[in-house]
Amino acid sequence: MFKKDLSLGSKSKVKSSVQRAIRTQLVQTYPLLAPHIDEIVPKKEQLDAMKIPDRVTLYLIGSTPLFYQHMTDALLPHLKLVHRFPTCFPSIRIDRGAIRFVLSGATLMAPGLTSTGGRLPNGDEEETGAYGETKGPTRGWYGGRELEKGEPVVICAEGKEEACAVGLLSMGTKEVKEKGKGPVVEEGHYLGDGLWRLGTD
């Protein structure tokens with residue numbers, strides 16, 4: 001989605017009522033953000049909306065990008081926000097072989113997740129924890145409940161501490177395990193893309 005460099009669009013102030021609604025939507029979509037929401041979108045700070053190409057709105061506080069939204073799709077976190085709160089977003093992990101493809105903007109395919117280095121939710125609805133890679137001997141936790149098609153997801157990479165991409169699932173994680181092939185995330189925001197490089201000052 002953001003393979004090319006982006007030009008800065010017009011910036012407008014978000015009304016306080018809309019800002020409250022966005023805060024609520026964020027906590028509903030990403031419940032683990034709830035303890036941090038006042039730090040991410042402080043009530044007394046002005047949230048701005050910037051229009052960027054392809055009908056995308058980028059939400060910022062000052063020059064700090066927070067979330068973006070394509071038309072009326074789910075609010076997706078900017079990778080800079082994911083790196084600040086890495087354990088708060090539903091995550092999956094790709095194997096080493098898939099990293100260069102994801103970082104070139106290619107569609108994430110199922111084999112990169114179902115191989116030995118990949119990780120998907122374990123299917124236990126009751127299990128909760130902190131998402132993503134963890135330091136030490138453990139291999140990271142990638143969720144209990146299966147993620148559904150259309151849900152936002154953060155993509156981590158084998159052997160890397162920081163997430164490398166964000167997008168919407170085009171196939172549920174249970175189906176990924178069953179089929180083992182096909183596209184999983186098609187249009188994502190990845191490290192080094194136009195959205196990552198966009199200067200918002």
Report the residues that fulfil salt bridge (Lys or Arg N to Asp or Glu O under 4.0 Å) with Arg96, sequence neighbours left out, ordered by chain and then residue number.
Glu158

Say whether Leu26 and Val18 are linked into one hydrophobic cluster, either directly or through other cluster members, by side-chain heavy-atom distances under 4.5 angstrom.
yes

Keeping [X] on the side-chain end and [Y] on the backbone end, is there a donor-acceptor pair under 3.5 Å?
X	Y	value
Thr24	Arg20	yes
His70	Arg55	no
Glu146	Gly172	no
Ser170	Val184	yes
Asp54	Val56	no

Got a sec, which pairs hit ring-ring contact (aromatic ring centres under 6.0 Å, His included) with one end in residues 42-63, sequence neighbours left out?
none

Looking at Arg145 and Glu151, is there a salt bridge between them, counting it only when a charged N and a carboxylate O are closer than 4.0 Å?
yes

Arg23 with Asp38: basic N within carboxylate O range, under 4.0 Å
yes

Calculate, to the nearest 0.5 Å, the distance between atoms NZ and CD1 belonging to Lys160 and Ile155 respectively.
16.0 Å

What pairs meet the salt bridge (charged side-chain N to carboxylate O under 4.0 Å, His left out) rule with one or both residues in residues 98-116, with sequence neighbours excluded?
none

For atom NZ of Lys80, is the number of surrounding heavy atoms from other residues, nucleotides or ligands below 6.0 Å larger than 12?
yes

Aromatic contact, Tyr68 with His189 (centres under 6.0 Å)
yes

